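One structure below.
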Protein chains: 2
Amino acid sequence: MKENKEEQSSTELKIFEAAREVFQAKGLEGARMQEIADKAEINKSLLHYYYRSKDKLFEKVYQLSIIRVIPQIVSLLNQDLPLEYKLRNFVDKYLEIIIANPDIPLFILHELNKNPTRLKTFMLNEVGKKITPFLEQLRKESRKGNTVDLPAEQILVNIMSMIIFPFIGKPVFQTIFEMDDAAFEQFIYERKKLLPDYIVNTVIKKTGGS
Amino acid sequence: MKENKEEQSSTELKIFEAAREVFQAKGLEGARMQEIADKAEINKSLLHYYYRSKDKLFEKVYQLSIIRVIPQIVSLLNQDLPLEYKLRNFVDKYLEIIIANPDIPLFILHELNKNPTRLKTFMLNEVGKKITPFLEQLRKESRKGNTVDLPAEQILVNIMSMIIFPFIGKPVFQTIFEMDDAAFEQFIYERKKLLPDYIVNTVIKKTGGS
DNA sequence: TTTTATTTTAACCATATGGTTGAAACATAA
DNA sequence: TTATGTTTCAACCATATGGTTAAAATAAAA
């Protein structure tokens with residue numbers, strides 16, 4: 001390992017990318033070190049040369065998966081913007097992030113299901129605390145009669161559900177709608193175009209106008 | 001194994017129930033036969049006495065998990081009813097089924113993600129083909145201007161997302177909203193009350209009335 | 001060239017795990 | 001009682017897998 005922490009060698013990155021793919025597809029126990037080595041086109045010894053063990057490698061993949069998406073998403077709710085604008089932006093950018101990392105949600109949620117307390121403090125501090133201003137904003141607008149009459153938490157769950165679930169349910173939807181990969185990609189593309197408007201319209205009550 | 005296929009011995013059922021819990025929580029590779037035996041309060045030998053192998057046991061759990069929910073849900077869309085009534089009923093009963101089997105969605109989707117072709121023919125025949133009448137109904141009402149202007153598939157994905165995802169994302173929501181188990185149960189109960197109306201209102205355009 | 005870092009090869013170890021077996025204890029029914 | 005089915009226990013096997021090691025080959029840097 002000649003390089004320092006910042007500039008990783010290309011093989012180290014190749015290994016990490018392969019590990020990311022395999023872990024995200026199969027989970028910690030379902031993944032095989034041999035499969036990771038094969039996908040990275042190196043041999044198993046090198047895995048231990050760069051990362052000491054399966055657990056260590058998994059931990060890096062897991063943490064980076066989370067750091068790669070969650071802070072970005074949370075920050076979208078942390079700006080001082082009018083509700084409608086913020087909402088539209090949130091849905092749009094959230095979808096962009098998930099489209100770029102479509103396997104991360106199921107990966108995180110499966111691992112979290114096996115061990116629900118794993119990220120508790122992180123979730124509480126980096127997500128829970130940082131979204132309360134947004135929930136407050138929702139409640140404030142709700143009191144003014146500007147939103148649909150639902151608890152703020154239910155609204156947020158609705159929004160997140162519609163953004164994330166299509167990616168988690170991809171194999172089901174692809175089959176029952178008889179879509180090949182291209183068709184599903186098109187379906188997601190269509191979704192990205194219409195979902196921001198749809199969510200804004202189902203959350204925010206427009207006063208005045210036609 | 002004295003009993004016939006219909007009336008399983010109580011231990012056989014106890015084993016199956018334990019296996020269901022462990023497999024649904026940990027997945028196929030994450031599950032340990034010893035843990036199943038412990039939870040069933042029998043020893044490992046008995047697992048093989050009743051079910052020949054881990055794979056065989058898993059297969060039964062997997063298939064029953066699917067058969068326990070999917071046909072029920074699909075049948076809700078297969079009745080000859082007006083859209084609004086059908087929709088309200090669908091959301092209500094779907095939630096009921098998932099509340100009774102909250103771990104099944106993530107379980108199925110994780111296993112499906114590891115092997116996306118696994119249930120392809122089943123999904124196609126038992127789901128895909130049977131929901132086309134519903135999609136047609138949606139399109140017909142859409143042409144009459146009675147629904148929101150979205151492709152039928154997008155509408156169905158929205159609906160399924162809002163029903164299923166809260167259960168998949170439970171560990172996240174529970175943490176960021178700081179809910180204990182009772183509070184989360186209450187949250188789901190609240191959801192069951194309001195979601196049918198909410199979904200009907202966001203899908204069906206009411207003509208006339210104030 | 002000399003030195004250092006990277007990569008391969010191959011063999012190997014330790015462990016966990018799924019799986020098996022046989023004997024014995026126990027219960028139940030014929 | 002006899003026979004059959006159920007359950008436990010303990011020991012054990014085979015395998016896959018994660019992990020390690022040593023030696024050599026190769027490449028790169030000094």
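Lettering of chains follows the sequences in order, A, B, ..., and the numbering in each one begins at 1. Small disclaimer: the values here were computed from a predicted structure and weren't measured.
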- Any salt bridge between Arg88(A) and Asp197(A), counting N to O under 4.0 Å? yes
- Starting at atom OH of Tyr50(B), determine the distance to atom P of dG19(C), rounded to an integer number of angstrom. 18 Å
- Item | Whole angstrom value for the distance that separates P of dA5(C) from OH of Tyr49(A) | 8 Å
- Query: Has Asn43(A) got a side-chain N or O lying under 4.0 Å from the OP1 or OP2 atom of dT9(C)?
  - Reply: no
- Scan Ile42(A) against the nucleic acid and name what it touches under 4.0 Å (heavy atoms): base, sugar-phosphate only, or nothing. sugar-phosphate
- Message: Could you tell me how far apart Leu57(A) (CG) and dG18(D) (C1') are, to the nearest whole angstrom?
- Response: 12 Å
- Note on the structure: Considering only heavy side-chain atoms of Leu46(B), the closest of dG18(C), dT7(D), dT7(C) is dT7(D)
- Message: Which residues pass the side-chain contact (heavy atoms from CB on, under 4.5 Å) test with Asp149(B), not counting sequence neighbours?
- Response: none
- What's the NZ-P distance between Lys44(A) and dT20(D), to the nearest Å? 11 Å
- Within residues 29-37 of chain B, those residues having any heavy atom closer than 4.0 Å to DNA chain C are Ala31(B), Arg32(B), Met33(B)
- Side-chain donor/acceptor of Lys54(B) to base of dG19(C), under 3.5 Å: no
- Task: Please report, rounded to the nearest Å, how far the P atom of dT17(C) is from the CG atom of Leu47(B).
- Result: 14 Å
- Is the number of heavy atoms from other residues, nucleotides or ligands within 6.0 Å of CD (Glu190(A)) greater than 12? yes
Solution key, residues 157-174 of chain B side-chain donor-acceptor pairs under 3.5 Å, sequence neighbours excluded:
residue, atom, partner, partner atom, Å
Asn158(B), OD1, Arg191(A), NH1, 3.1
Asn158(B), OD1, Arg191(A), NH2, 2.6
Asn158(B), ND2, Gln154(B), O, 3.4
Ser161(B), OG, Val157(B), O, 2.6
Gln174(B), NE2, Met179(B), O, 3.4
Gln174(B), NE2, Asp181(B), OD1, 2.7

- Do Phe184(B) and Phe177(B) have ring centroids that are under 6.0 Å from one another? no
- Check the distance between dT17(D)'s P and Lys26(A)'s NZ and give it to me in whole angstrom. 11 Å
- Item | Base dT9(C) paired with Ser45(A) side chain (donor-acceptor, <3.5 Å) | yes
- Between His48(A) and dG19(D), does any side-chain N or O lie under 4.0 Å from OP1 or OP2? yes
- Heavy atoms of other groups near Glu59(B) CD, more than 12 under 6.0 Å: yes
- Could you tell me which non-hydrogen atom of Arg32(A) sits nearest to which non-hydrogen atom of Lys54(A), and how far apart they are? NH1-NZ, 4.0 Å
- Could you state the CG-P distance from Leu28(B) to dG18(C), rounded to the nearest angstrom? 9 Å
- Query: When the distance from CG of Asp55(A) to C1' of dG18(D) is rounded to whole Å, what number comes out?
  - Reply: 10 Å
